[in-house]
Amino acid sequence: MDDFKDLSNEVNQECEIVSSDDVSDEVLEILLNTREQGQMMEKLIKNQIEVKDNMINKLYDELNYYKNNTSDRFINQLMKSVIKVRKDMIKFVKSERWQESSIEDLQREYQYVLDDLTDLLEQQNVDSYSTSSGEQFDASIHQPRVEATDDKMLDKRIKKSLSEGYKKGDKVLIPERVIVYQFKEKEGN
């Protein structure tokens, strides 16, 4: 915008200089027309910039609305599923069967809850993962508990998985807890 003001000022100064010198009316008219056209062009460009700025602001607001609405829908869907699991658990606890439940009944109900929660994770594209013994440790997906070893071949290898990790796509939600070997030479060698 400053460039336009500078240009406009230059044209105005040129017109004043030219008009102060005795120049033909024809040249003066051309300069005045040029100045007028420059001012019109400046207004046109300013209007176009303003329209584009308004459009960008409107699109930005719309994007934020959709981002917020999407997360709200996701959270609402998740909460509805958790509420359903909770209702099923409450229903069972308040039923007459609760007092008379055998170990097998409780195990079956526990398995139902586990299945419901697993289904919920699958619906949200959340996958569990675990690493086999002997695989390479990866700090981006593992939370280590270190165990010393004097075998250099075992350095940074997984000894055992303690609990599975969870990912949504490529993003780790909860890292897998593992025992990982770390090479340390025996003292006295």
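- For the atom pair CG of Leu59 and CG of Leu63, the computed distance is 8.5 Å after rounding to the nearest 0.5 Å.
- Looking at Asp155 and Lys152, no side-chain N of the basic residue comes within less than 4.0 Å of a carboxylate O on the acidic one, giving no salt bridge.
- Across all non-hydrogen atoms, the minimal contact from Ser140 to Val172 is O-CG2, 3.5 Å.
- Ser102 and Glu104 share a donor-acceptor pair across their side chains, judged by distance under 3.5 Å alone.
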Stepwise side chain to side chain contact (heavy atoms under 4.5 Å, CB included) check, Met41 with Ile45: CA-CA 6 Å; Met41 185 64 99; Ile45 290 172; 3.9 Å; yes
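- Ser161 contributes no side-chain N or O that, together with a main-chain N or O of Val178, makes up a donor-acceptor pair within less than 3.5 Å.
- Here the straight-line distance linking atom OG of Ser130 with atom CG of Leu162 works out to 11.5 Å at 0.5 Å rounding.
- Within a 6.0 Å radius of CD in Glu96, no more than 12 heavy atoms belonging to other residues, nucleotides or ligands are found.
- Atom OH of Tyr181 and atom CE of Met153 lie 13.5 Å apart (nearest 0.5 Å).
- Closest approach of Arg157 and Gly134 over heavy atoms only: CD-O, 3.1 Å.
- Follow the hydrophobic side-chain contacts under 4.5 Å out from Met89 and you never reach Leu106; the two are in separate clusters.
- Contact of the Gln182 side chain with the Glu147 side chain is not registered, since no non-hydrogen atoms from C-beta on lie closer than 4.5 Å.
- With hydrogens and angles ignored, the 3.5 Å screen pairs a side-chain donor or acceptor of Glu135 with a backbone N or O of Ser132.
- Remark: Glu42 engages Lys46 in a salt bridge, criterion side-chain N to carboxylate O under 4.0 Å.
- With hydrogens and angles left out, the side-chain atoms of Thr131 and Glu176 include a donor and acceptor closer than 3.5 Å.
- Interatomic distance, Ile90 CD1 to Ile83 CD1, rounded to the nearest 0.5 Å: 10.0 Å.
- Considering CG of Asn33 and CE of Met40, their distance stands at 10.0 Å, rounded to 0.5 Å.
- You'll find the side chain of Asp61 stays beyond 4.5 Å of the side chain of Lys58, heavy atoms only.
- Hydrophobic clustering, with ILVMFWY side chains joined whenever heavy atoms are under 4.5 angstrom apart, keeps Phe183 apart from Phe137.
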Worked verdict on Tyr110 versus Asp115 for side chain to side chain contact (heavy atoms under 4.5 Å, CB included): CA-CA 9 Å; Tyr110 188 86; Asp115 292 343; over 6 Å; no
Verdict with reasoning, Val85 to Leu120, per side chain to side chain contact (heavy atoms under 4.5 Å, CB included): CA-CA 10 Å; Val85 171; Leu120 174 62; 5.9 Å; no
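- In summary, Glu109 and Lys91 do not engage in a salt bridge, as defined by a charged side-chain N under 4.0 Å from a carboxylate O.
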Lys84/Asp88 under side chain to side chain contact (heavy atoms under 4.5 Å, CB included): CA gap, chis, key distance, verdict: CA-CA 6 Å; Lys84 180 195 174 303; Asp88 291 345; 3.0 Å; yes
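- Contact detail for Asp105 and Glu100: the closest heavy-atom pair is OD2-O, 4.4 Å.
- A tilted orientation is assigned to the rings of His142 and Tyr129, their planes being inclined by 30° to 60°.
- Both Ile49 and Leu44 are part of a single hydrophobic cluster, where members link through side-chain heavy atoms under 4.5 Å apart.
- Here the straight-line distance linking atom CD of Glu164 with atom CG of Asp127 works out to 10.5 Å at 0.5 Å rounding.
- Although no hydrogens or angles enter the test, the distance criterion places a donor-acceptor pair under 3.5 Å between the side chain of Lys168 and the main chain of Gln124.
- In this structure, Ile179 and Ile158 have side chains that are not in contact, with every pair of non-hydrogen atoms separated by 4.5 Å or more.
- In summary, of the residues considered (Ile174, Asn125, Ile141), a side-chain contact (heavy atoms from CB on, under 4.5 Å) with Lys167 occurs for Ile141 alone.
- Contact of the Pro175 side chain with the Tyr166 side chain is not registered, since no non-hydrogen atoms from C-beta on lie closer than 4.5 Å.
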